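Reviewing the structure listed below.
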Amino acid sequence: MLKLFKLLGNKRLFVILIGLVMFVALMGFTLGPRTNLSWPEKFLRDTVGFVQNIFYKPAGYVAGLFEDIGNMNDIHKENEQLKIALAQYTREKAQFNFMEAENKTLQEALHFTETQLEKYNYEFHIAQVVSVNTDPNNRSLVIDIGGRDGVKVDMSVTSVDGLVGVVSKVSNFTSTVKLITTMDVKDPNTNAIAATALNSQDKTFGIIESYDEKTGKLLMTGIKQEDPLKKGDTIVSSGSGGLYPRGMIIGTVDSVQVGEMGLLRTAIISPSASFVDWKQLFVVFTPEVPE
Amino acid sequence: MMMRRPVLILLLFILFILEGTVVPWLIPDAWQTRIVPNLVYIVILFVSIYNHRHTALVLGIVFGLLHDVVFYGQIMGTYSFAMGLSAYLMGFIFQTPRAPMPIMMTVIILGSLLLDSTLYGIYTLFQMGHTSYDWALVHHILPDVFVHFVFGLIIYVPLRSQLEKISKLNQKEKAA
């Protein structure tokens, strides 16, 4: 040890040690559940976000132009498929309106409280992506709406295809989105998604709590033996117990296996959001719960 | 001539902006989740070799912190620590104002390996990554090294001449 002191010089070693301790303290401090940012952080984030906003969109347009030229052939086919889907939607819409009206009258007849009525009345606010961090261990995005627009920590963010992540930090004009690819069982700060399958909401239930980085798939655990879940089913969030609102599309089932303990089963889910080429996202505003 | 230092900082800031906005669009879709270009860090490595390691340390810490604050997902301070430390260490080992091109390229390769390994280590320490080092190495650290190498080759000539001018300026100031 004394030799080390001599080699580095007392002063330098001292500075290095203090620096190390400071950094460990900083990391430990910021790792925990910290919801509010201090004003220098907010200021820095908003300023940088403003500049990034100027760059990101034009870059996206230029890249998109080249991609569009490449995709010209597929568009005709896609258009046909979309037309078929649209026809189906218009047919279903009539039925949906009937059911919604019926549902409302029934709710009124049963004297639902205001909170219960408003519970699933979500608002989707559009947000532009401002910049992307692709670090595999800490993937995050910056979007251009923030505290001024009513964004709060832990709101869900979806793309057109499906659930993308949750808002992790909010400053006045920008907010950071933590992607669901960072989801991890061992991390005390992440929240698992209570999930169910589309069209069998009352029979299927499972919990999505981790993302396998190697295969790029989500794992849904705790599925009961008698569950009718099968390959190709669409997985949506069930909205029971927590953070994620009801009906967010998460992905499709790749395979269902017997879980680690042997009693419950585990499903492997390929996420429907693509996690590349970000443009618009939607922040889901859930109705305020009166205290 | 006194304008060179602010120009360097401005360059680093612009690179930081490009890194988060334009660069992801240039990378093909399949590689977007694998390549994490850290262009700012490469320029800081140049500063570390041709100017001084202390300057590089400060720049690494400042721009690392900027990265941490803007992309604050779960933890802060990782980039700041990793960029500062590895730029300093690279300068500590290799610093020579007349370093020829092969040495600079070696520094870039070793430096980006060191940076990504430090980041990997920190994330593993705080239980945020659970992949094995072998896998991380093949999956994103080596592709990163390649991208950094190419970027280093591109900026080598213009950046070196600029940095040497800054160094000369410093020596003149000291002499005067």
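All heavy atoms count here, side chains included; hydrogens, waters and symmetry mates do not. None of the values given here were measured: they were computed from a predicted structure. In what follows, chains carry the letters A, B, and so on, assigned in the order in which the sequence lines appear, proteins first and then strands, with residues in each chain numbered from 1.
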Select all residues of residues 54-71 of chain B having any heavy atom within less than 4.5 Å of some heavy atom of chain A, and report them by number, or 'none'.
B:Ile61, B:Leu65, B:Leu66, B:His67, B:Val69, B:Val70, B:Phe71

Toward chain B, the part of A:Val62 with a non-hydrogen atom under 4.5 Å
neither

Which of residues 132-142 of chain B get closer than 4.5 angstrom to chain A, counting heavy atoms alone?
B:Ser132, B:Trp135, B:His140

Quick check on B:Phe81 against chain A: is it the side chain, the backbone, both or neither that has a heavy atom closer than 4.5 Å?
both

Could you pull out all residues at least two apart from A:Asp254 that satisfy side chain to side chain contact (heavy atoms under 4.5 Å, CB included)?
A:Lys217, A:Ile268, A:Ser270

Interface check, chain B: of A:Asn133, A:Val142, A:Asp46, most non-hydrogen pairs under 4.5 Å belong to A:Asn133

Test item: B:Tyr72 side-chain N/O and A:Ser140 main-chain N/O as donor-acceptor pair under 3.5 Å
no

Specify the closest pair of heavy atoms between B:Thr131 and A:Glu213, including all atoms of both residues, with the distance to one decimal.
CG2-OE1, 3.7 Å

With a sphere of 6.0 Å drawn around CE of B:Met101, does it hold more than 12 non-hydrogen atoms of other residues, nucleotides or ligands?
yes

Which answer fits A:Phe23, side chain, backbone, both or neither, if we ask what part of it has an atom under 4.5 Å from a heavy atom of chain B?
side chain

Considering only heavy atoms and a distance below 4.5 Å, find which of A:Thr176, A:Val129, A:Asp135 pairs most often with chain B.
A:Asp135

Distance, nearest 0.5 Å, that separates CD1 of B:Ile122 from CE of A:Met27
4.0 Å

Toward chain A, the part of B:Ser80 with a non-hydrogen atom under 4.5 Å
both

Could you list the donor-acceptor pairs under 3.5 angstrom formed between side-chain atoms of residues 9-28 of chain B and any protein atom two or more places apart in sequence or on another chain?
residue: B:Glu19; atom: OE1; partner: B:Leu39; partner atom: N; Å: 3.0
residue: B:Glu19; atom: OE1; partner: B:Val40; partner atom: N; Å: 3.3
residue: B:Thr21; atom: OG1; partner: B:Ile17; partner atom: O; Å: 2.8

Go through the atoms of A:Lys214 and report whether side chain, backbone, both or neither lie under 4.5 Å from a heavy atom of chain B.
both

